[in-house]
Structure formats: C-alpha cells, structure tokens
Amino acid sequence: MKLIFLGPPGSGKGTQAKVIAQDYSIAHISMGDILRESIKNGTEVGKKAESFIKQGLLVPDEVVNEIARQAIEKNAEKGFVLDGYPRTVAQAEFIAGFVNIDRVIYIDVPLSELEGRLTGRLSCKNCGSVFHIKSKPPKSGNLCDNCSNELYVREDDKPETIRRRYTVYEKETSPLVDFYSAKTVKINGVGPLETVLASIKKSL
Ligand code: AP5
C-alpha cells in the first residue's frame, strides 16, 4: 500500500499517519520529522532547511526531493504513508517518475479549526509523539506518554507563522487535490480522533 496524506497544517496528517502505518505495517515517512531531525543533528540538510521552516515557508524542492526518493525506494516493498510530501506539483511530478501511488487521503479541516489545534500542540523532541493540550493531553504534566521526555511547542506553531503556512498551503499544496483527483478520497477531519481514523480506514 503506497499512500499520501494531504491536508493543511494541523489537519491531523501526522497523528493519523502514525496509527495507519502501525496498523497496516507500512512505513511512516514524515518530511517534517525528517527535516526537524536534520536540524537537531546539525546536518547539511538541516542547515539548508532551518530558516525556511522557521518562517513557515517551503524548503526548496531540490533539498526535499532527494530525501523523499531515498525514503520511498527504501520502503517500496513494505509500503508507506507519505506525510507532508509531496507539497508542490513539481514534487508530485518528480515522484511520478519512479513510484505509483495507490491512494491519496485528503484530510479536510477548515481554517477556523486549525489555529487552535496548532497553538495547543505539544510535540516530543525525542520520539516525535504529538499531543494537544485539550484534545489529546499528555497523561503526566509536560512529559511524553511514550518516552517521558519533555514536550515542547514547535517554533513554527506561532500564530503569525501558522497563518503564513496556511497561505503557502493554499497556493502551493492545495492544487495537489486536483493533480491526484483520480486517486483522492476526501475525509472530514473535524471530530474525535477515532472517528477520523475510522473514516480513513473505511476508505482504504
Ligand atoms: P510538517 O511538520 O509536515 O508540518 P505541516 O504540514 O504544517 O503539518 P503539521 O505537522 O503542522 O500538522 P499535521 O497535519 O501533521 O497535524 P497533527 O497530526 O500534528 O512541515 C513543517 C515544515 O517543514 C513546513 O512548513 C516546511 O517548511 C517544511 N516541509 C515539510 N515538508 C516539506 C515539503 N514536502 N516540501 C517543502 N518543505 C517541507 O495535528 C495537529 C494538532 O491537532 C495536534 O496537537 C493533534 O493532537 C491535534 N489533532 C489532530 N487531529 C485532531 C482532531 N481530529 N481533533 C482535535 N485535535 C486534533
């Protein structure tokens, strides 16, 4: 199974992709997680990506495409869910040259809901688990349920950066819904996590 999860920032791509990858025994390839890890480790990719991410802008295609190709080829047999990639038509055209995607899950959430989701998000720097102060609070204070490390607020989850990310999404990424129209299933991303998950599973 080769899947793409598409949707605006905060629509729940990462939250749902992790569960789907686990339940279907496929790889979870999150471009955002890969880039944040590269920044943390001070790699060349991290140095190139950092200022774009901080500003809420897309990292250039030439930086992310090669990372994506390697991750896709590595997991081609096992299957995968791509989370946060492709994010431009040029990226989608790039992967069309070497992989056939089975299904695109478009998680639809209105802008009015997104800001509260992102300003309330808590992320684990160590294992990447994601929580929310209201909809998915960590069990013990500010510590990760999974690995007990401290949770933090992502630097790009400030209100002004969230708005820029959404504008970039509208301009650069939303055209992918049309690009993949024959393979896309639209999921209502508003509602309890379990309900959204059930809709995604039904569509698969
Ligand atoms: P990335 O990390 O991919 O950010 P994003 O696409 O903006 O998506 P988010 O991670 O913010 O949200 P999500 O949809 O995964 O939601 P989540 O599940 O966490 O990318 C970051 C940056 O990296 C980009 O801005 C760009 O600079 C760069 N980048 C990455 N990929 C790139 C590419 N291909 N090309 C170029 N640059 C790239 O949920 C959000 C919150 O809501 C959580 O707190 C969660 O608990 C909560 N929540 C989830 N579902 C629900 C629900 N149903 N009800 C209530 N709360 C919910």
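Excluded from the calculations below are hydrogen atoms, water molecules and symmetry mates; all remaining heavy atoms, backbone and side chain alike, are included. For ligands, and for the atoms within them, numbers begin at 1 and follow the listed sequence.
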Checklist line | Residue and atom name of the nearest protein heavy atom (relative to atom 46 (O) of ligand 1), distance in Å to one decimal | finding: H132 CB, 3.5 Å
Notebook entry, point to check: side-chain contact (heavy atoms from CB on, under 4.5 Å) with L6: which of L82, T184, D83, T173?
Noted result: T173
Check: Can you list the ligand 1 atoms lying under 4.0 Å from a non-hydrogen atom of Q91?
Finding: 33 (C), 34 (N), 35 (N), 36 (C)
Next item on the list: Examine R36 against ligand 1 and note whether any of their N/O atoms are separated by less than 3.5 Å.
Entry: yes
Next item on the list: Around atom 53 (N) of ligand 1, find the nearest protein heavy atom and jot down its residue, atom name and distance.
Entry: G191 O, 2.8 Å
Margin query: If the contact criterion is a heavy-atom separation under 4.0 Å, does G10 count as touching ligand 1?
Written below: yes
Check: Taking the inter-plane angle between the rings of Y166 and Y169 on a 0 to 90° scale, is it parallel (under 30°), tilted (30 to 60°) or perpendicular (over 60°)?
Finding: tilted
Note to self: Using side-chain heavy atoms (C-beta onward) and a distance below 4.5 Å, is N65 in contact with R69?
What the structure shows: no
Checklist line | cation_pi(K13, F5) dist<6.0 Å, angle<=45 | finding: no
Notebook entry, point to check: Any chance the side chains of K40 and N126 put a donor and an acceptor closer than 3.5 Å?
Noted result: no
Next item on the list: Report the nearest protein non-hydrogen atom to atom 52 (C) of ligand 1: residue, atom name, distance rounded to 0.1 Å.
Entry: R117 NH2, 3.4 Å
Notebook entry, point to check: Taking K125 for the side chain and L151 for the main chain, is one N or O donor matched with an acceptor at less than 3.5 Å?
Noted result: no
Check: Got an N/O contact under 3.5 Å between G84 and ligand 1?
Finding: yes
Notebook entry, point to check: What protein heavy atom is closest to atom 16 (O) of ligand 1, reported as residue, atom name and distance in Å?
Noted result: G12 N, 3.2 Å
Checklist line | Residue G14 vicinity, atoms of ligand 1 by number, heavy atom under 4.0 Å | finding: 13 (P), 15 (O), 18 (O)
Item checked: Numbered atoms of ligand 1 (with element) below 4.0 Å of F131, judged on heavy atoms -> 43 (C), 44 (O), 46 (O)
Check: Hey, are the side chains of D108 and I187 touching, using non-hydrogen atoms and a 4.5 Å cut-off?
Finding: no
Note to self: Quick check on contacts: which atoms of ligand 1 are under 4.0 angstrom from a heavy atom of R165?
What the structure shows: 4 (O), 5 (P), 7 (O), 9 (P), 11 (O)
Check: Side chains of L3 and I26: closer than 4.5 Å at any heavy-atom pair?
Finding: yes
Next item on the list: Using heavy-atom distances, let me know which of L57, I39, D83 sits nearest atom 26 (C) of ligand 1.
Entry: L57
Item checked: Protein heavy-atom partner closest to atom 8 (O) of ligand 1 - residue, atom, separation in Å -> K13 NZ, 3.2 Å
Notebook entry, point to check: Is any side-chain N of the basic residue among D157 and R121 closer than 4.0 Å to the acidic one's carboxylate O?
Noted result: yes
Notebook entry, point to check: Who's closest to atom 50 (N) of ligand 1 heavy-atom-wise, of T15, T173, D157, L193?
Noted result: L193
Note to self: Could you identify the single nearest non-hydrogen protein atom to atom 28 (C) of ligand 1 and state the distance to 0.1 Å?
What the structure shows: L35 CD1, 3.7 Å
Item checked: Backbone N/O of T43 and side chain of N41: donor-acceptor pair under 3.5 Å -> no
Next item on the list: With heavy atoms of G189 as the reference, note each atom of ligand 1 found under 4.0 Å away.
Entry: 53 (N)
Notebook entry, point to check: What part of L58, side chain from CB on, backbone N/CA/C/O, both or neither, has a heavy atom under 4.0 Å from ligand 1?
Noted result: both
Notebook entry, point to check: Is any side-chain N of the basic residue among E44 and K48 closer than 4.0 Å to the acidic one's carboxylate O?
Noted result: no
Next item on the list: Pick whichever of S135, G7, S51, S123 has a heavy atom sitting closest to atom 47 (C) of ligand 1.
Entry: S135
Notebook entry, point to check: Can you find an N or O of V59 that's nearer than 3.5 Å to an N or O of ligand 1?
Noted result: yes
Note to self: On a heavy-atom basis, I'd like to know which of R154, R87, Q55, R164 is closest to atom 10 (O) of ligand 1.
What the structure shows: R154
Checklist line | Within-shell test, G56 vs ligand 1, heavy atom, strictly < 4.0 Å | finding: no
Notebook entry, point to check: Heavy atoms, side chains only, cut-off 4.5 Å: are M31 and R87 in contact?
Noted result: no
Note to self: Below the 3.5 angstrom mark, is there an N/O of P9, backbone or side chain, next to an N/O of ligand 1?
What the structure shows: no
Check: Between K186 and Y106, is NZ or CZ placed under 6.0 angstrom from the six-membered ring centre and within 45° of the ring axis?
Finding: no
Check: Below 4.5 Å, heavy atoms only, C-beta onward: do M1 and F80 meet side chain to side chain?
Finding: no
Notebook entry, point to check: Which residue owns the protein heavy atom closest to atom 43 (C) of ligand 1, what's the atom, and how far is it?
Noted result: V130 CG1, 3.6 Å
Item checked: Contacting atoms of ligand 1, where contact means under 4.0 angstrom from a heavy atom of I53 -> 23 (O), 27 (O), 28 (C)
Notebook entry, point to check: Going by distance only, is there an N or O of R121 that falls short of 3.5 Å from an N or O of ligand 1?
Noted result: yes
Notebook entry, point to check: Got a salt bridge between E160 and R164, using NZ or NE/NH1/NH2 to carboxylate O under 4.0 Å?
Noted result: no
Note to self: Please work out, at 4.0 Å between heavy atoms, whether the side chain, the backbone, both, or neither of L122 comes within that distance of ligand 1.
What the structure shows: neither
Item checked: Ion pair check, D23 and K201, cut-off under 4.0 Å -> yes
Margin query: Under a 4.0 angstrom heavy-atom cut-off, which atoms of ligand 1 come close to Y85?
Written below: 34 (N)
Checklist line | Residue portion contacting ligand 1 (non-hydrogen atoms closer than 4.0 Å) for Y169 | finding: neither
Margin query: Checking the N or O distance criterion of under 3.5 Å, is ligand 1 in contact with S11?
Written below: yes
Check: Which ligand 1 atoms, with their elements, are less than 4.0 angstrom from a heavy-atom of L118?
Finding: 11 (O)
Check: Under 3.5 Å, is there a donor-acceptor pair linking the side chains of N142 and Y152?
Finding: no
